[in-house]
A.B. asks: 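Dropping a structure here in structure tokens format, bear with me for questions.
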Amino acid sequence: RAQEKAGQQLGSFVVLSGGNHSGPGEQIDPSEPPPTPDFCRGYFDVMGQWDPPFNCSSGEFIFCCGTCGFRFCCKFKKTRLDQSTCTNYETPLWMNTGKPPSRIDDPLHDPTRDKTNLIVYIICGVVAVMVLVGIFTKLGLEKAHRPQREHMS
């Protein structure tokens with residue numbers, strides 16, 4: 001069945017016939033030295049993950065192919081990726097989320113001008129005083145409304 005459909009497209013695959021390990025239209029010249037394995041450079045993929053560089057030297061898969069965002073080794077020279085056209089060798093801009101928080105030893109950070117803690121202490125103090133005033137007021141009112149008991153000896 002594969003020979004009947006040779007050269008036809010099946011879904012996303014192309015079935016080829018022949019066993020000389022050459023791609024369509026590629027001719028092997030026996031006088032040419034064998035091609036040297038490619039080196040796929042490291043790159044940032046579409047998720048922002050760094051994919052390290054690797055050599056394509058596994059059997060007949062010696063060419064760096066794919067796209068700038070997804071690279072793999074293949075065996076056909078005509079599908080080789082021109083890595084010089086790719087621009088994803090630096091950290092993507094969308095991964096830079098802004099300036100990190102200032103450190104304590106940062107010369108721009110002046111702890112004497114930082115009033116955040118003082119404001120928190122003032123607010124907590126006022127709340128604590130209000131709670132204490134409420135508690136003592138309630139105790140005083142309960143004692144005042146309690147019927148007087150006579151002490152008999």
A.B. asks: Report yes or no: is the SG-SG distance between Cys64 and Cys40 under 2.5 Å?
C.D. replies: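 The sulfur gammas are closer than 2.5 Å, so yes.
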
A.B. asks: Between Gln83 and Arg41 (side chain of the first, backbone of the second, donor and acceptor by atom type, cut-off under 3.5 Å), is there such a pair?
C.D. replies: yes

A.B. asks: Once rounded to the nearest 0.5 Å, what's the spacing between atom SG of Cys56 and atom CZ of Arg80?
C.D. replies: 9.5 Å

A.B. asks: Report yes or no: do Tyr43 and Asn88 form a side-chain donor-acceptor pair below 3.5 Å?
C.D. replies: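 Judged by distance alone, the side chains do not pair up.
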
A.B. asks: In terms of side-chain geometry, is the basic nitrogen of Arg71 or Asp51 positioned less than 4.0 Å from the acidic oxygen of its partner?
C.D. replies: no

A.B. asks: Establish, yes or no, whether a centroid distance under 6.0 Å links the rings of Phe61 and Phe63.
C.D. replies: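 Here the rings of Phe63 and Phe61 have centres that are no less than 6.0 Å from each other.
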
A.B. asks: Is it true that Asp82 and Ser84 share a donor-acceptor pair across their side chains at a distance under 3.5 Å?
C.D. replies: yes

A.B. asks: Closer than 4.0 angstrom, basic N to acidic O: yes or no for Glu142 and Arg146?
C.D. replies: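 No, Glu142 and Arg146 are not salt-bridged.
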
A.B. asks: Can you find a pair of side-chain heavy atoms, one from Lys143 and one from Leu139, that are under 4.5 Å apart?
C.D. replies: no

A.B. asks: As an exercise, state the distance from OG1 of Thr87 to CZ of Phe44, rounded to the nearest 0.5 Å.
C.D. replies: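 Thr87 OG1 to Phe44 CZ: 12.0 Å, rounded to 0.5 Å.
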
A.B. asks: Do Tyr121 and Val129 sit in the same hydrophobic cluster, where Ile, Leu, Val, Met, Phe, Trp and Tyr count as joined when their side-chain heavy atoms come under 4.5 Å apart?
C.D. replies: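 No; Val129 is not reachable from Tyr121 via cluster members.
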
A.B. asks: I need the minimum non-hydrogen distance between Cys73 and Asn55, along with the two atoms involved.
C.D. replies: SG-O, 4.3 Å

A.B. asks: Provide the closest heavy-atom pair for Thr79 versus Cys74 in the form atom of the first, atom of the second, distance.
C.D. replies: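 Heavy atoms only, the tightest pair is OG1-SG, 3.3 Å.
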
A.B. asks: Just verifying a value: how many Å separate Ser57 OG and Ile62 CD1, rounded to the nearest 0.5 Å?
C.D. replies: 9.5 Å

